[in-house]
Amino acid sequence: MCKTTRRGFLMGCSTAIAGLAGARFSNLAFADTNGGNNDELLVIIFLRGGMDGLNVVLPIDGSDRGFYETARPNIAVPLTGPNAALPINAQFGFHPAMSPLVNLYQDNKLSLIHAVGHDDVGRSHFDAMEQIELGTPGTVSSTTGWLTRHVQSANNLPPDIVMPSLAVGNLQPTSLLGDYDAVNMEDVGQFNLETGPYMWRDAQRLALRHLYEGDSTWLHVSGVQALDAADIIELNVAGGYTPSNGAVYPSSSFGEHLRTVAQMVKLGLGLRVATIDLGGWDTHNGQGNDGGGYFAGLLGELAAGMEAFYLDLDGSGANNYTSKMTTVVKSEFGRRLTQNADNGSDHGHGNLMMVMSGNATGGVHGTWPGLDNGQLYDGADLAVTTDFRQILAEILIRRMGNPRLGVVFPGYQGYAPLGVVSGTDLPPDYSAGQILFEDDYESGDLSAWSSAVTG
């Protein structure tokens, strides 16, 4: 008999899953058909290494333009010539490599937030990434990531979801720490379970399934999840994947990872959270002069990938996935205003966040602190004027319908949406609360409640 749990995969038998091989899994999407569940998808793209946001959305006028050019005589994006900045308003312009996203920005599908971060997050890559992905600036003591706490605390998800969370890449990020439901895959075409010679595979998988279904500990649940994920994906991706609307992804691992998320979305597995990484942003030397070079190439890959991802999932009616998807692009910190001696930029502070969605409001949000020496953080970096949790909290409440901010972001208070996305503002719940992991409940070990409070 097949077994299901609130937060697990289908605890189906291999034969039952095989019987569904010819059907589209969109019939099992567990979407919001009764009006009571939230079926939004949140995609997080983390730019590892500290993206230079000052060269992505840069000042093009006023005194800040002068400060910017003086501080960056070589690596500043020019206002004229083949690599000229692309004006987006009277104050700011895009790096030219961002050209694939200009139409989305003009259509108000891309919101920009400058000077984002937190003053308790320092300039160490490891510490900064940990604190941001845990959602606990100033401490790394939490045993769960902020996305894990969101999924665990949301009371508007269907009782059974095939694939609630997905980490695409070779590692599961800290934001999903403690999420035993998260599927981690590097390549959808290679996501299978090798249990020996093909002729014995079905029997071996069935034996493994009986073994893992014999108990309800996290190990047993995870084992069944692995079996189900392998069965479902193997049976439904054999024919390859053709992106919609003529979308062309970059021919890189980043492009393939975006394709994988899009493919999983279209399989209709109930995906609610997905994470993707793009590294290489630690540009201490050879960043690229006059809007060109290494940084331009990396930024072009990001922009092209985002454009293809949105185009692939854009549509009408039931296939308009972008109407229920929010993509957040962020990094651990920004770079110094002043270039270094190696034509690069060193670790900084405040940075740029981007939100791409069919429900984005467009425009530039937040408070720009200025680039005068007296306005800089420590006299060197772009100051932080917007807590990164403020942006994520707005998305959780307005799009994901989860107001339990005290659980997802312990200690965070004062919800004040910037209007980055549209949606309904539910009353924020700042109480810390506790999350009972289902493994503990099923085992009867109520002493193993996992507190969301990190102190």
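Keep in mind that what you see is a predicted model, and the values were worked out from it rather than measured. As a basis for the values below, the full set of heavy atoms in this structure was taken, side chains included, without hydrogen atoms, waters or symmetry mates.
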message: Which label fits His347 and Phe333: parallel for a plane angle under 30°, tilted from 30 to 60°, or perpendicular past 60°?
response: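 It falls in the tilted class, 30° to 60°.
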field: Side-chain heavy-atom pair Leu352, Leu112 within 4.5 angstrom cut-off
entry: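 The answer is yes, as the side chains (C-beta and beyond) meet within the 4.5 Å cut-off.
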query: How about Thr275 and Ser175: do any of their side-chain heavy atoms sit closer than 4.5 Å?
result: yes
May I ask you to decide whether [X] forms a salt bridge with [Y], counting only side-chain N to carboxylate O separations under 4.0 Å?
{"X": "Arg272", "Y": "Asp39", "answer": "no"}
{"X": "Asp387", "Y": "Arg389", "answer": "yes"}
{"X": "Asp346", "Y": "Arg336", "answer": "no"}

Can you find a side-chain donor-acceptor pair between [X] and [Y] that sits under 3.5 Å?
{"X": "Asp312", "Y": "Tyr249", "value": "yes"}
{"X": "Asp52", "Y": "Gln287", "value": "yes"}
{"X": "Thr136", "Y": "Gln131", "value": "no"}

message: Quick one: does any side-chain atom of Asn351 pair with a main-chain N or O of Gly53 as donor and acceptor, under 3.5 Å?
response: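 Yes, Asn351 side chain to Gly53 backbone: donor-acceptor pair under 3.5 Å.
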- prompt: Does Asp314 offer a backbone N or O that forms a donor-acceptor pair with the side chain of Thr322 under 3.5 Å?
  reply: no
query: Looking at the rings of Tyr105 and Phe94, which for Trp means the six-membered one, are their centres under 6.0 Å apart?
result: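 Ring centroids of Tyr105 and Phe94 are less than 6.0 Å from each other.
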- request: Kindly say whether the aromatic ring centers of His365 and His114 come within a distance under 6.0 Å.
  value: no
message: Pair Arg149, Asp179 - check salt bridge (Lys or Arg N to Asp or Glu O under 4.0 Å), show working.
response: CA-CA 8 Å; Arg149 296 194 297 274; Asp179 184 353; over 6 Å; no
